[in-house]
Amino acid sequence: MGYSESDLKHDEETLKNLELFRSPSGFRRAMPKLISSVRKGPGKRYWVTMQYIAGGYQQMSRKLSSAGGLEEEENQTLKLVVATYKMAESIYQSWLESGGDTLNFPQLKYAMSRTTVLRHWGDALNALGLKESAEEIYEIGVSEKLWTKIMCRPEKQLETIEAGGSYFYEVEEVLPDFVVEGIKESLEGIRTEFMKNVKEGKGVETWKVESSGLHSTHTWFQLPFYVDGDSKPGACGRYPLVCEVYDGERFPAARKGQIKLSAMAGGTVVRKHAGPTMERLRMHCSVVGEVGDDSWIRVGDEKRSWEVGECFIFDESCEHEVFIGGVGGDEKYRVVLIADLANPLLVNYEDYREASKGSKLAEVGGSRLYEETQDRFMRKRGHDVPEL
């Protein structure tokens with residue numbers, strides 16, 4: 001198939017705008033230009049541009065959600081997300097059916113991954129309350145062998161040890177005994193640090209409000225200590241015990257993940273979402289705020305609540321949502337320590353090494369620590385395990 005000189009010139013402009021979209025905060029300037037370009041360009045070749053337009057609408061919807069009180073505007077924007085992804089998919093399928101010509105198609109290098117498109121499209125439907133329609137989109141990922149089940153939707157599927165259908169784990173199953181001991185012994189001290197900060201006027205209200213669009217009531221606050229391995233000195237100065245226990249020498253932290261305190265007031269709703277990677281598992285340790293059965297986290301088809309001084313771990317790549325009901329006693333917030341650990345259930349040791357890169361504990365422990373953790377997990381889950 002040949003393309004005219006005007007088509008190629010159109011491509012050059014589109015490439016500039018796709019690059020602009022990917023720059024920090026550039027999507028706002030790029031969006032009207034991309035919308036204009038799809039009205040002018042060759043019909044079977046603008047599915048990449050349509051993906052970006054859908055992504056831009058999605059970013060707008062998240063900002064509207066974070067602003068709060070703009071539910072109607074958010075829903076209208078989410079409908080644009082869904083409609084644009086649907087149109088992009090139709091054009092993409094037509095392009096495939098025509099042979100998927102890659103010649104003179106420079107936009108192709110900007111195409112979103114298939115998993116990203118299906119995750120975001122389904123998430124927009126979920127946010128609109130269209131559960132069945134969302135599941136139909138996620139099912140495409142299963143049929144294309146991107147995922148093994150619709151509940152767990154990572155960007156890249158990795159092989160893990162079978163957990164018997166469970167999405168939750170006890171800390172003793174997936175962490176070495178000395179790490180578990182350090183975590184449990186530190187919780188009372190972290191609670192003391194929290195109360196000290198409250199008395200000094202550095203309580204929850206001084207933390208950052210969650211702003212990624214997962215809630216809309218301004219009742220979820222976070223204080224990060226480590227993000228992707230980088231420490232936050234200001235937070236560590238206020239909570240030295242957290243940074244002592246969860247540095248890379250004492251905790252097998254994930255290469256891509258966070259260590260943070262997370263506080264939610266009663267009435268907080270966190271919408272359904274699935275994390276992007278199987279490289280990590282997420283631990284919750286309850287620090288402050290007694291809650292009952294009317295407060296819960298659902299992962300897959302399982303629910304759990306929190307108990308002060310106790311911890312649990314879950315597969316964050318699987319769909320989860322949160323609801324906080326009443327918070328008991330004098331506390332206004334349910335506060336948990338969240339820590340992302342390198343997933344020791346990854347079958348391929350090289351995958352684990354990549355997931356734990358930067359953790360001195362994982363590096364020093366090497367394959368032996370990895371194998372011992374897997375052996376302990378399988379025994380606790382009733383697998384047949386040969387003697388080491």
Side-chain angles (χ1 to χ4, degrees), residues 3 5-67 70 73-96 100-128 137 140-141 146 153-156 210-214 227-228 256 271 273-277:
Y3 296 101
E5 187 175 336
S6 63
D7 288 341
L8 297 177
K9 185 176 180 181
H10 171 266
D11 285 346
E12 290 178 9
E13 289 299 315
T14 301
L15 287 172
K16 289 178 184 178
N17 293 323
L18 290 171
E19 193 64 42
L20 175 62
F21 187 102
R22 293 168 66 166
S23 66
S25 302
F27 85 93
R28 288 185 180 278
R29 287 176 291 151
M31 279 287 284
K33 297 177 180 180
L34 290 175
I35 291 170
S36 175
S37 74
V38 299
R39 292 172 177 159
K40 300 176 184 175
K44 288 187 178 179
R45 290 173 359 102
Y46 61 56
W47 56 269
V48 176
T49 306
M50 295 297 290
Q51 289 177 351
Y52 276 74
I53 293 171
Y57 285 138
Q58 198 143 34
Q59 289 189 49
M60 292 178 189
S61 73
R62 289 170 181 163
K63 290 181 180 297
L64 289 167
S65 176
S66 296
L70 299 170
E73 291 86 345
E74 181 191 357
N75 285 343
Q76 289 300 320
T77 308
L78 285 167
K79 289 175 183 178
L80 287 173
V81 175
V82 171
T84 309
Y85 272 128
K86 186 176 181 179
M87 191 180 301
E89 180 72 4
S90 176
I91 300 165
Y92 170 69
Q93 293 298 334
S94 294
W95 177 76
L96 287 179
D101 179 22
T102 60
L103 295 175
N104 298 313
F105 191 11
Q107 298 100 314
L108 194 60
K109 70 177 182 178
Y110 290 93
M112 294 181 180
S113 72
R114 188 66 173 149
T115 49
T116 295
V117 169
L118 296 177
R119 278 165 52 91
H120 289 184
W121 186 2
D123 289 350
L125 287 162
N126 255 336
L128 287 166
I137 300 304
I140 295 173
L146 301 173
R153 309 184 288 272
E155 285 287 345
K156 180 182 179 182
E210 186 280 331
S211 59
S212 68
L214 290 175
V227 177
D228 297 343
K256 292 288 186 181
R271 66 174 44 164
H273 63 290
T277 179

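Keep in mind it's a predicted model, so treat the numbers as computed, not measured.
- Take H120 and apply the ring-ring contact (aromatic ring centres under 6.0 Å, His included) test, not counting sequence neighbours, and it matches no residue.
- Separation of atoms CD1 (I53) and OG (S37) is listed at 6.0 Å; rounding is to 0.5 Å.
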Checklist entry - What do the steps show when you test Y92 against M50 for side chain to side chain contact (heavy atoms under 4.5 Å, CB included), and what is the final call? => result CA-CA 10 Å; Y92 170 69; M50 295 297 290; over 6 Å; no
Next on the checklist: Does K33 form a salt bridge (charged side-chain N to carboxylate O under 4.0 Å, His left out) with E13? I'd like the steps, not just the answer.
Outcome noted: CA-CA 9 Å; K33 297 177 180 180; E13 289 299 315; over 6 Å; no
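- To the nearest 0.5 Å, atom OG1 of residue T77 and atom CG of residue L64 are 5.0 Å apart.
- In this structure, S25 has no side-chain hydrogen bond (donor to acceptor under 3.5 Å, both in side chains) partners at least two apart in sequence or on a different chain.
- Counting all heavy atoms, side chain and backbone alike, V81 lies closest to A124 at CG1-CB, 3.6 Å.
- The closest side-chain heavy-atom distance from L108 to W47 is below 4.5 Å.
- The CD1 atom of I140 sits 5.5 Å away from the CH2 atom of W121 when rounded to the nearest 0.5 Å.
- To the nearest 0.5 Å, atoms OG1 (T49) and CG (L15) are separated by 8.5 Å.
- By the 4.5 Å heavy-atom criterion applied to side chains, T14 and L18 are counted as neighbours.
- For the ring-ring contact (aromatic ring centres under 6.0 Å, His included) test, no residue two or more places apart in sequence or in another chain qualifies with Y57.
- Atoms CZ and CG, from R62 and L214 in turn, are 8.0 Å apart once rounded to the nearest 0.5 Å.
- Although no hydrogens or angles enter the test, the distance criterion places a donor-acceptor pair under 3.5 Å between the side chain of S61 and the main chain of Q58.
- Remark: the backbone N or O of G213 is paired with a side-chain donor or acceptor of S65 at under 3.5 angstrom.
- Within the 4.5 Å cutoff, the side chain of Y52 has no heavy atoms near those of the M31 side chain.
- Pairs passing the salt bridge (charged side-chain N to carboxylate O under 4.0 Å, His left out) check and including a residue from residues 76-93, sequence neighbours excluded, read E89-R114.
- For the atom pair NZ of K63 and OG of S212, the computed distance is 11.0 Å after rounding to the nearest 0.5 Å.
- Residues in residues 17-31 take part in no salt bridge (charged side-chain N to carboxylate O under 4.0 Å, His left out) pair, two or more places apart or across chains.
- Two residues are said to be in side-chain contact when any heavy atoms from C-beta on lie closer than 4.5 Å; T277 and E155 fail this criterion.
- Side-chain atoms of Q51 and Y110, non-hydrogen and from C-beta on, never get closer than 4.5 Å to each other.
- Here the shortest heavy-atom pairing between L78 and A127 reads CD1-CB, 3.7 Å.
- No more than 12 heavy atoms of other residues, nucleotides or ligands lie within 6.0 Å of CE in M87, so this atom counts as exposed by the packing criterion.
- Between the side chain of S94 and the backbone N or O of S90, at least one donor-acceptor pair lies under 3.5 Å.
- The salt bridge (charged side-chain N to carboxylate O under 4.0 Å, His left out) search around R153 returns D123, E319, not counting sequence neighbours.
- Ion pair E74/R271 flagged as a salt bridge, since at least one NZ, NE, NH1 or NH2 atom sits closer than 4.0 Å to an Asp/Glu carboxylate oxygen.
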